[in-house]
Amino acid sequence: MENQMSELPGSSKPVTTIGDLSKYDDTSVTIRGWVYNKRSSGKIHFILVRDGSGIAQCVVVKSQVSPEVFGAFDLLSQESSLTVTGKVHKDDRAPGGYEIQVEDLAIVHVAKDYPITPKEHGTEFLMDHRHLWLRSARQHAILKIRHRIIKAVRDFFDGKGFTLVDSPILTPASVEGTSTLFETEYFDLGKAYLTQSGQLYAEASAMAMGKVYCFGPTFRAEKSKTRRHLTEFWMVEPEVAWANLNDNMDLAEEFIEYVVQTVLGNSAEELKLLERDVTKLQTVKRPFPRLHYDEAVEILKKNGVDFQYGNDLGAADETIISQQYDRPVMVHHYPAACKAFYMKRDPEREDLTLSVDVLAPEGYGEIIGGSQREDDYDTLLKRLEEFNLPREPFEWYLDLRRYGSVPHSGFGLGIERTVAWICGIEHVRETIPFARMIYRNTP
RNA sequence: UCCUCGGUAGCUCAAUUGGCAGAGCAAUCGGCUGUUAACCGAUGGGUUGCAGGUUCGAGUCCUGCCCGAGGAGCCA
């Protein structure tokens, strides 16, 4: 955090943030923020001020301030904005360890009837007030960790020679041909669709740059209504030329280990506020278990699941498999029947794909889906026909197999599911600032 | 799309067999010099989701609708 030394007009004290108070012990400073809560014993007032960097207890003693400053306390309501000047003082009774002995106080704006009180609220009410809910300590911590995760994602790929090459959000056709897409009019060119994956374009970028990743919002118009689904979510998709399925799995596990361990090292305070059991994250170290689809099916049968070979794994199946391990598990070689057209088949088992899903522990489900891509022109053309996909919108994609085709692989990681897992929270709607779901597109 | 559950004060909830619609918090007023979701006292606050039905009487029972939550499918 910057050690800010600017001054407010009319104040001779350095302006700082609450997160930096420990640098100013026994010094008078000014902070700017919002009332988080207040208490009083009559001649001594306590104001909890938050400013985004922390929460500071400000103590107003009647005998030490002007009557105007002391009386200002009565006008302050929850979430009113104000500036406070006073001496920083180490005190174990204060949340955060430091408090401010108030010398001067200026109200900037009085908030009237702030709807979110320091008591319990229901989900619907909180989501209706999401724009205000973000100010609460818990949501603040989640957003901080989300930021840390995204930074770790980018640092990881940037540090390994990847180039960020983003894919378009408006696309002319479905990527996988199966999902339901959001549709919009596009001038004289007919329909355009909001992308459900940047992958196909990332494949083109990888042929130009070698190692790339794209990172952006993706959209699914499916009527999913579970704690793991949003209609708008963020996905990071690396794509690597010359990489096979094993290279892809090596990359995925190194990537997840890096992200989790980085968050553990940098966001301890936020994880503690969220009451996350970090011992469940400390075990997230390479190597991750790798299960062939056939082995995964065996585990399900051993656990009494009546599983039909060839089906995709359901949410309950994924939970049973992930519960066998203390770290993410990689399931590879899924049947072709439940995977996308672009996935390369196992040369020795044409019914299986060179695919891999990474299942997060503790029942958080699939956080990564990836594969080695089909790189043979004739085979890919055949797949398009088998999946009843039109050839014309994929001509550019077929070009990648006409002009110097090479083996290549990649995967997509869902940011919100990853945030939910690392934070240990129930529902992905709390992992994104403003969730978009089937029955909610406001605020 | 299907299954399950729910909708009562600004918020979280209660209301016995169908019998005067209540509490805590928030708000307002008063008290308190170390509070930690402070505490203590007082006051105001209701189209019980909407429409219809049964009944002397409906928050409660019946029918339809609306809205929401959890799950399935699909997926990250």
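Lettering of chains follows the sequences in order, A, B, ..., and the numbering in each one begins at 1.
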Review point. Of the nucleotides B/C32, B/A69, B/A76, which has the atom closest to the A/Met235 side chain?
Key: B/A76
Practice item. Check the distance between B/U35's P and A/Tyr36's OH and give it to me in whole angstrom. Key: 20 Å
Check your understanding: Is it true that A/Lys13 and A/Asp104 make a salt bridge, defined as a side-chain N closer than 4.0 Å to a carboxylate O?
Key -> no
**Study point:** Test salt bridge (Lys or Arg N to Asp or Glu O under 4.0 Å) applied to A/Glu362 and A/Arg276, A/Arg327, A/Arg417, the passing residue
**Key:** A/Arg276
Study note, to complete from the structure: In whole angstroms, the gap separating P of B/G30 from NZ of A/Lys43 amounts to 15 Å
Exercise for review: Determine the Euclidean distance between corresponding P atoms of B/G70 and B/U55; express it in Å to zero decimal places.
Suggested key: 41 Å
Check your understanding: Using a cut-off of 4.0 Å on non-hydrogen atoms, how would the nucleic acid contact of A/Glu99 be classed: base, sugar-phosphate, or nothing?
Key -> base
Point to revise | Atom P, compared across B/C11 and B/A26: separation rounded to whole Å | key: 15 Å
**Study point:** Reported OG1-to-CZ distance for the pair A/Thr231 and A/Phe219, which is rounded to 0.5 angstrom
**Key:** 8.5 Å
Check your understanding: Between B/C40 and B/G49, how far is it from one C1' atom to the other, in whole Å?
Key -> 38 Å
Check your understanding: Side chain of A/Arg440, base of B/C67: donor and acceptor closer than 3.5 Å?
Key -> no
Review point. Are the ring of A/Tyr439 and the base ring of B/G68 both nearer than 5.5 Å at their centres and tilted by less than 30°?
Key: no
Check your understanding: Taking both distances under 3.5 Å as the test for a Watson-Crick or G-U pair, what stems of at least three pairs does RNA chain B have?
Key -> B:1-7 with B:66-72, B:10-13 with B:22-25, B:27-31 with B:39-43, B:49-53 with B:61-65
Practice item. Take atom CD of A/Gln101 and atom P of B/G34, then tell me their distance rounded to the nearest Å. Key: 13 Å
Review point. How do A/Asp91 and A/Asp113 order along RNA chain B: which one's closest nucleotide is nearer the 5' end?
Key: A/Asp113
Check your understanding: Taking only N and O in the side chain of A/Lys223, is any of them less than 4.0 Å away from OP1 or OP2 of B/C74?
Key -> no
**Study point:** Span that lies between the P atom of B/G46 and that of B/C67, in whole angstrom
**Key:** 28 Å
Revision key, fill the gap. Of A/His229, A/Lys223, A/Glu222, the one forming a side-chain contact (heavy atoms from CB on, under 4.5 Å) with A/Ile438 is A/Lys223
Exercise for review: For B/G53 versus B/A27, give the span between their C1' atoms, rounded off to a whole number of Å.
Suggested key: 40 Å
Check your understanding: Reckon A/Ala316 touches a base, only the sugar-phosphate, or nothing at all at heavy-atom distances under 4.0 Å?
Key -> nothing
Exercise for review: Grab the CG-P distance between A/Asp128 and B/C67 for me, whole Å please.
Suggested key: 14 Å
Review point. Between A/Lys285 and A/Glu257, is the closest basic N to carboxylate O distance under 4.0 Å?
Key: no
Check your understanding: Base, sugar-phosphate, or nothing: which does A/Tyr114 touch, judged by heavy atoms less than 4.0 Å apart?
Key -> nothing
Between the protein and nucleotides 11-14 of chain B, are there any N/O to N/O pairs under 3.5 Å, and if so, what are the atom names and distances?
{"unit_1": "B/C11", "atom_1": "O2'", "unit_2": "A/Glu120", "atom_2": "O", "d": "3.1"}
{"unit_1": "B/C11", "atom_1": "O2'", "unit_2": "A/His121", "atom_2": "ND1", "d": "2.5"}
{"unit_1": "B/U12", "atom_1": "OP1", "unit_2": "A/Gly122", "atom_2": "N", "d": "2.9"}
{"unit_1": "B/U12", "atom_1": "O4'", "unit_2": "A/Glu120", "atom_2": "O", "d": "3.4"}

Review point. Are OP1 or OP2 of B/G70 and a side-chain N or O of A/Arg228 less than 4.0 angstrom apart?
Key: no
**Study point:** Geometric class of the A/Tyr258/A/Phe156 ring pair [parallel <30°, tilted 30-60°, perpendicular >60°]
**Key:** tilted
Review point. Touch check for A/Ser40, heavy atoms < 4.0 angstrom, all strands: base, sugar-phosphate only, or nothing?
Key: base
Exercise for review: For A/Gln57, report the nucleic acid contact type (base, sugar-phosphate, nothing); a contact means any heavy atom under 4.0 Å.
Suggested key: base
Check your understanding: Taking NE2 from A/His229 and P from B/G73, how many angstroms apart are they, rounded to a whole number?
Key -> 10 Å
Point to revise | salt bridge (Lys or Arg N to Asp or Glu O under 4.0 Å) partner of A/Glu79, the single match among A/Lys38, A/Lys112, A/Arg135 | key: A/Arg135
Exercise for review: Determine the interatomic distance between C1' on B/U4 and the same-named atom on B/A42; round to the nearest Å.
Suggested key: 45 Å
Review point. Quantified in whole Å, what is the P atom distance between nucleotide B/A9 and nucleotide B/G22?
Key: 14 Å
Review point. Given atom CZ of A/Phe73 and atom P of B/G31, what is their separation to the nearest angstrom?
Key: 14 Å
Exercise for review: Tell me which nucleotide among B/C75, B/G70, B/U35 gets nearest to the side chain of A/His427.
Suggested key: B/G70
Exercise for review: Kindly assign one of parallel, tilted or perpendicular to the pair A/Phe394 and A/Tyr397, based on the angle between their ring planes and the thresholds 30° and 60°.
Suggested key: perpendicular
Practice item. For A/Ser81 and A/His109, indicate whether the former's side chain and the latter's backbone hold a donor-acceptor pair under 3.5 Å. Key: yes
Exercise for review: Rounded to the nearest angstrom, tell me the gap between atom CG in A/Leu313 and atom P in B/C74.
Suggested key: 11 Å
Check your understanding: Where does the angle between the aromatic ring planes of A/His45 and A/Phe70 fall among parallel (under 30°), tilted (30 to 60°) and perpendicular (over 60°)?
Key -> parallel
Practice item. Tell me which nucleotide among B/G68, B/G34, B/C32 gets nearest to the side chain of A/Phe46. Key: B/G34
Practice item. Specify whether A/Tyr293 and A/Tyr309 have parallel, tilted or perpendicular ring planes, treating 30° as the upper limit for parallel and 60° as the lower limit for perpendicular. Key: perpendicular
Exercise for review: Round to the nearest Å and state the distance from A/Ile368 atom CD1 to B/C75 atom C1'.
Suggested key: 15 Å
Exercise for review: Indicate, with a heavy-atom threshold strictly under 4.0 Å, whether A/Asp357 touches base, sugar-phosphate, or nothing.
Suggested key: nothing
Exercise for review: Output the single nucleotide from B/C74, B/U35, B/C75 whose closest atom is nearest the side chain of A/Arg39.
Suggested key: B/U35
Check your understanding: Checking all strands, does A/Lys62 fall into the base, sugar-phosphate, or nothing category for heavy-atom contacts under 4.0 angstrom?
Key -> nothing
Review point. Would A/Glu239 and A/Arg373 pass as an ion pair if we require N to O under 4.0 Å?
Key: yes
Practice item. In whole angstrom, give me the gap between the C1' atoms of B/U33 and B/A69. Key: 47 Å
